[in-house]
Amino acid sequence: MARSEDTVRRIFIAVDLDDEVRYGLAAHLSTALPDSLLPGSSPPPVNWHITLRFLGKMDQVAYEVLLSKLDSIELGRRFDLTFSGFGAFPQASKATVLWLGTGGGSDALDDLAGSVEAAVVDAGFMPEERPFHPHLTLSRIRPPQDVSGLIESMATVPLTQAVDHITVFESHLGGGPAVYVPLERFDLG
Ligand code: 2AM
């Protein structure tokens, strides 16, 4: 169905996970965690991803310019990404976000985020002010909690994600978990 010119979408660009990694990670967490529970509210595994750039709402014209810029840039060579232990934003003693960090391949992921950022700015969006901090959000915690013990207990996760494309997602918010719809993908070399 054709989209009308005044369509507005809430967009982010991310590294998606293969189902094998997604559900392998969910299984690993449920056995590795002391009481099989994460504090706070956890997005369902189907929503797990690593955000490269969150853009927010944009109209059809901006969306099409973004796609054309993403299509025109060099995204680099595909690479393998491994996962490290847990971390927290803004800090472990008062965590509002519990996340899984990346291990091997983090430098390549940094480069990929840099390429995406260049395309985004070239498309006319404001530059991201915050430094890129790759993470996979596992839980959002309100009110904040001390998760220091949990972070120390979680070692490297034995899973590898082959990063061979990036995905442009539309985010639908509402009651319950967000729904993330993949709209476009761009392949690495
Ligand atoms: P998060 O992983 O740190 O929660 C889709 O909403 C993705 O975009 C989420 O993974 C979230 O990152 C990120 N995101 C959502 N709102 C954002 C915002 N206002 N600024 C930056 N990133 C945001």
Would you please name every residue forming a ring pair (Phe, Tyr, Trp, His ring centres under 6.0 Å) with Phe86, sequence neighbours left out?
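Here no residue qualifies.
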
With sequence neighbours excluded, residues passing ring pair (Phe, Tyr, Trp, His ring centres under 6.0 Å) with Tyr180
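Ring pair (Phe, Tyr, Trp, His ring centres under 6.0 Å) list for Tyr180, sorted by chain: Phe12, His49.
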
Trp99 and Leu138: CA distance, side-chain angles, deciding distance, side chain to side chain contact (heavy atoms under 4.5 Å, CB included) verdict:
CA-CA 5 Å; Trp99 45 260; Leu138 291 173; 5.7 Å; no

What pairs meet the salt bridge (charged side-chain N to carboxylate O under 4.0 Å, His left out) rule with one or both residues in residues 130-148, with sequence neighbours excluded?
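Counting only pairs at least two positions apart or across chains, the salt bridge (charged side-chain N to carboxylate O under 4.0 Å, His left out) contacts touching residues 130-148 are Glu128-Arg130.
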
Once salt bridge (charged side-chain N to carboxylate O under 4.0 Å, His left out) is applied, what residue pairs with a partner in residues 82-103 remain, sequence neighbours excluded?
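Residue pairs with at least one partner in residues 82-103: there are none.
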
Clusters formed by hydrophobic residues whose side-chain heavy atoms approach within less than 4.5 Å: which one holds Tyr23, and what are its other members?
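Direct or chained contacts put Tyr23 with Val46.
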
Using the salt bridge (Lys or Arg N to Asp or Glu O under 4.0 Å) rule, take Asp16 and Arg22 through it: C-alpha gap first, then chi angles, then the decisive distance, then the call.
CA-CA 9 Å; Asp16 204 2; Arg22 186 185 304 287; 2.9 Å; yes

Quick check: does any side chain N or O of [X] sit under 3.5 Å from a backbone N or O of [Y], one acting as donor and the other as acceptor?
| X | Y | answer |
| --- | --- | --- |
| Thr96 | Phe89 | yes |
| Trp48 | Leu17 | no |
| His165 | Val163 | no |
| Thr82 | Gly104 | yes |

I'd like to know if Glu170 and Arg10 make a salt bridge, using a cut-off of under 4.0 Å between side-chain N and carboxylate O.
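No.
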
Could you list the donor-acceptor pairs under 3.5 angstrom formed between side-chain atoms of residues 155-162 and any protein atom two or more places apart in sequence or on another chain?
| unit_1 | atom_1 | unit_2 | atom_2 | d |
| --- | --- | --- | --- | --- |
| Gln161 | OE1 | Asp18 | N | 2.8 |
| Gln161 | NE2 | Asp18 | OD1 | 3.4 |
| Gln161 | NE2 | Asp18 | OD2 | 3.2 |

